[in-house]
Chemist: 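To start, I am sharing the structure in question, which I have written as structure tokens.
We count ligands from 1, going down the list as the structure has it; atoms in each ligand are counted the same way. Only heavy atoms go into these numbers, but all of them, side chains included; no hydrogens, no water, no symmetry mates.
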Amino acid sequence: MSSETSRRKNDHIRICSEKPVEARNVKPGFGDVHLIHRCLPEVNPDELDLSTEFLGFEFKAPIVISAMTGGTSKAAEINANLAKAAEEHGIGMCLGSGRAFLEKPSLAYSFKVARENAPSIFISANIGFQELFRYSWSSLRRLVESIGADALTVHLNPLQELLQYEGAPRFRGILERLRRLIEDSEVPVIVKETGSGISMEDARLLSSIGVDAIEVAGAGGTSWASVEYYRSLEAGEAEKARLAETFWDWGIPTVSSIIEVRSITDAPLIASGGVRSGLDVAKALVLGADLAGLALPLLKPAMESWRDVSAVLGRICEELRLAMVLTGSKTISELKEKPYILTGFTRDWVKSRGLKVRCKI
Ligand SMILES: Cc1cc2nc3c(=O)[nH]c(=O)nc-3n(C[C@H](O)[C@H](O)[C@H](O)COP(=O)(O)O)c2cc1C
């Protein structure tokens, strides 16, 4: 791996595990979503079925570990712990950017550990959109195959690219590259953001090129402007740091982004960005998501042990179970049909954007 990619990967892990990197003034919006309590739930906790299907793969719960890392020995340890816990819970996992692998194939071990520790779950490989300018499907196939991945996720992170003090971003032509990748790829292609959300305008473009699934990664959780803020400060790049601080809370809040995307496409949808409880997961599903994804809450546990990751996932599943009983939902498909109310900022957003929702506003 180039020393630059390696340094960046280590910076991300260190900064995200040591500094306050979450949004400051923007919330993901789950507080604006209210599920309707049922005092006659008519469902016993032991009857619940949390299983669901996503892109033809079975999940024991509607949860996925969002992309984080790969390419260093620390990353290998983190990926092994994430994968082992994901396997125990029967949920999915997306690996961190495979750029390190593409630059230096000897680093494959730090990604392969996932499949070695999780033989049966859904695993996605991950690349950044910049890789689309450098690699065609024939190179990316090596990444997917050697990891034993079931899908390829491409992340779009224009904000982070603009703020990286060492970056030289290029955005023109991405959609066409994505279209070619989707056409050539033998595995499903998922497109995700990294914390600024996806609008209905972009969801429409992604639908037009036949994307297989979308992960919103909206604002309100991990802020990549904040990560670049700390990196620029450490590099003595005061002006870049100031720029990053201005955009700390930039983006479409997660709940608004779920509604934006769902209002124009039925494509499989992952809700992520500030998902912090099983109740958030339940609300995301009621709004139309098929899975919910978490990254930051699992990072520190994954630096300790797979049991620590498993404990967090266990808590999330328990909270989801409670939300299911309290809304009278025996299955995930029943939960998805439950009524809800939207208030506050999200209600204003939905009205201003003229978005379609299931509830009355
Ligand atoms: C340490 C760390 C590394 C990340 N690296 C990647 C990455 O390589 N590729 C990617 O698509 N997203 C990456 N992300 C973004 C997450 O997948 C996710 O979209 C975002 O953090 C929002 O979720 P959260 O609020 O639960 O953290 C990373 C997140 C964290 C915390």
Chemist: Is the shortest N/O to N/O distance between His155 and ligand 1 below 3.5 Å?
Modeler: yes

Chemist: What I want to find out is whether Glu245 reaches Arg242 closely enough, with some N-O distance under 4.0 Å, to be called a salt bridge.
Modeler: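 The answer is no: the pair does not qualify as a salt bridge.
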
Chemist: With only distance considered, is Lys9 within less than 3.5 Å of ligand 1 through an N or O on each side?
Modeler: yes

Chemist: Can an N or O of Leu294 be found at a distance shorter than 3.5 Å from an N or O of ligand 1?
Modeler: no

Chemist: Looking only at protein heavy atoms, which one is nearest to atom 3 (C) of ligand 1, and what is the separation?
Modeler: Met68 O, 3.1 Å

Chemist: For residues Val216 and Ile252, determine if any side-chain heavy atom of one lies less than 4.5 Å from a side-chain heavy atom of the other.
Modeler: no

Chemist: Under 4.0 Å from any heavy atom of Ala217, which atoms of ligand 1 are there?
Modeler: 19 (O)

Chemist: Would Val275 count as a contact residue for ligand 1, given that I'm defining contact as a non-hydrogen atom of the residue lying under 4.0 Å from a ligand atom?
Modeler: no

Chemist: Do the non-hydrogen side-chain atoms of Leu298 and Met68 ever get within less than 4.5 Å of each other?
Modeler: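 Sidechains of Met68 and Leu298: in contact.
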
Chemist: Within the supplied structure, the quantity of interest is the number of heavy atoms (other residues, nucleotides, ligands) at a distance under 6.0 Å from Ile361 CD1; does it exceed 12?
Modeler: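 For Ile361, atom CD1 is crowded (more than 12 foreign heavy atoms under 6.0 Å).
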
Chemist: Among all protein heavy atoms, pick the one closest to atom 8 (O) of ligand 1 and tell me residue, atom and distance.
Modeler: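 Heavy-atom neighbour on the protein nearest atom 8 (O) of ligand 1: Ser97 N, 2.9 Å.
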
Chemist: Identify, by atom number and element, the atoms of ligand 1 in contact range of Gly221, meaning under 4.0 Å from any of its heavy atoms.
Modeler: 25 (O)

Chemist: Considering only protein heavy atoms, which is closest to atom 27 (O) of ligand 1, and at what distance to one decimal place?
Modeler: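 Heavy-atom neighbour on the protein nearest atom 27 (O) of ligand 1: Thr222 OG1, 2.5 Å.
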
Chemist: Numbering the atoms of ligand 1 from 1, which are under 4.0 Å from a heavy atom of Gly96?
Modeler: 8 (O)

Chemist: Does Gly195 have a heavy atom less than 4.0 Å from any atom of ligand 1?
Modeler: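 The answer is no, since Gly195 has no heavy atom less than 4.0 Å from ligand 1.
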
Chemist: Is there a side-chain contact between Thr346 and Ile259 in this structure, where contact means two heavy atoms from C-beta onward sitting under 4.5 Å apart?
Modeler: yes

Chemist: Select one of side chain, backbone, both or neither to describe which atoms of Ala295 lie under 4.0 Å from any atom of ligand 1, heavy atoms only.
Modeler: both

Chemist: Below 30° counts as parallel, above 60° as perpendicular, anything between as tilted: where do the rings of Phe171 and Phe129 land?
Modeler: tilted

Chemist: Just checking, any donor-acceptor pair under 3.5 angstrom between side chains of Trp349 and Glu260?
Modeler: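 Per modelled atom types, Trp349 and Glu260 side chains form a pair under 3.5 Å.
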
Chemist: Looking only at protein heavy atoms, which one is nearest to atom 14 (N) of ligand 1, and what is the separation?
Modeler: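 So the nearest neighbour among protein heavy atoms is Ala67 O, 3.1 Å.
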
Chemist: Does any N/O atom on Gly274 come nearer than 3.5 Å to any N/O atom on ligand 1?
Modeler: yes

Chemist: Who gets closest to atom 9 (N) of ligand 1 by heavy atom: Ile65, Asn126, Leu296?
Modeler: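 It is Asn126 whose heavy atom sits nearest to atom 9 (N) of ligand 1.
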
Chemist: Would you say the side chain of Leu178 lies within less than 4.5 Å of the side chain of Leu132, judging by non-hydrogen atoms?
Modeler: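 In contact.
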
Chemist: Could you walk me through whether Lys240 and Glu228 pass the side-chain contact (heavy atoms from CB on, under 4.5 Å) check?
Modeler: CA-CA 8 Å; Lys240 273 282 187 184; Glu228 293 309 325; over 6 Å; no

Chemist: Mind checking whether Arg276 has a heavy atom under 4.0 Å from ligand 1?
Modeler: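 The answer is yes, since Arg276 has a heavy atom less than 4.0 Å from ligand 1.
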
Chemist: Can you report which non-hydrogen protein atom sits closest to atom 20 (C) of ligand 1, along with the distance?
Modeler: Thr194 O, 3.7 Å

Chemist: I need the nearest protein heavy-atom contact for atom 22 (C) of ligand 1: residue, atom name and distance, please.
Modeler: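 Among all protein heavy atoms, the one nearest atom 22 (C) of ligand 1 is Gly273 CA, 3.8 Å.
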
Chemist: With a cut-off of 4.0 Å, which atoms of ligand 1 are near a heavy atom of Ser66?
Modeler: 17 (O)

Chemist: Would you mind telling me which of Asp290, Val286, Leu287 makes a side chain to side chain contact (heavy atoms under 4.5 Å, CB included) with Lys336?
Modeler: Asp290

Chemist: Starting from atom 12 (N) of ligand 1, which protein heavy atom do you reach first, and at what distance in Å?
Modeler: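 Nearest neighbour among protein heavy atoms for atom 12 (N) of ligand 1, to 0.1 Å: Lys192 NZ, 2.9 Å.
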
Chemist: Is there a donor in the side chain of Thr5 and an acceptor in the side chain of Glu103, or the other way round, less than 3.5 Å apart?
Modeler: yes

Chemist: Looking only at heavy atoms, which two atoms of Gly293 and Ile270 are closest? And how far apart?
Modeler: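 In terms of heavy atoms, the two residues are closest at N-CG2, 3.9 Å.
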
Chemist: Indicate yes or no: at least one non-hydrogen side-chain atom of Trp224 is less than 4.5 angstrom from one of His12.
Modeler: yes

Chemist: Nearest to atom 29 (C) of ligand 1, what protein heavy atom do you find, and at what distance?
Modeler: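 Result for atom 29 (C) of ligand 1: Trp224 CZ2, 3.3 Å.
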
Chemist: So, 4.0 Å and heavy atoms of Thr69: is ligand 1 close enough to count as a contact?
Modeler: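 Judged by the 4.0 Å heavy-atom criterion, Thr69 does not count as contacting ligand 1.
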
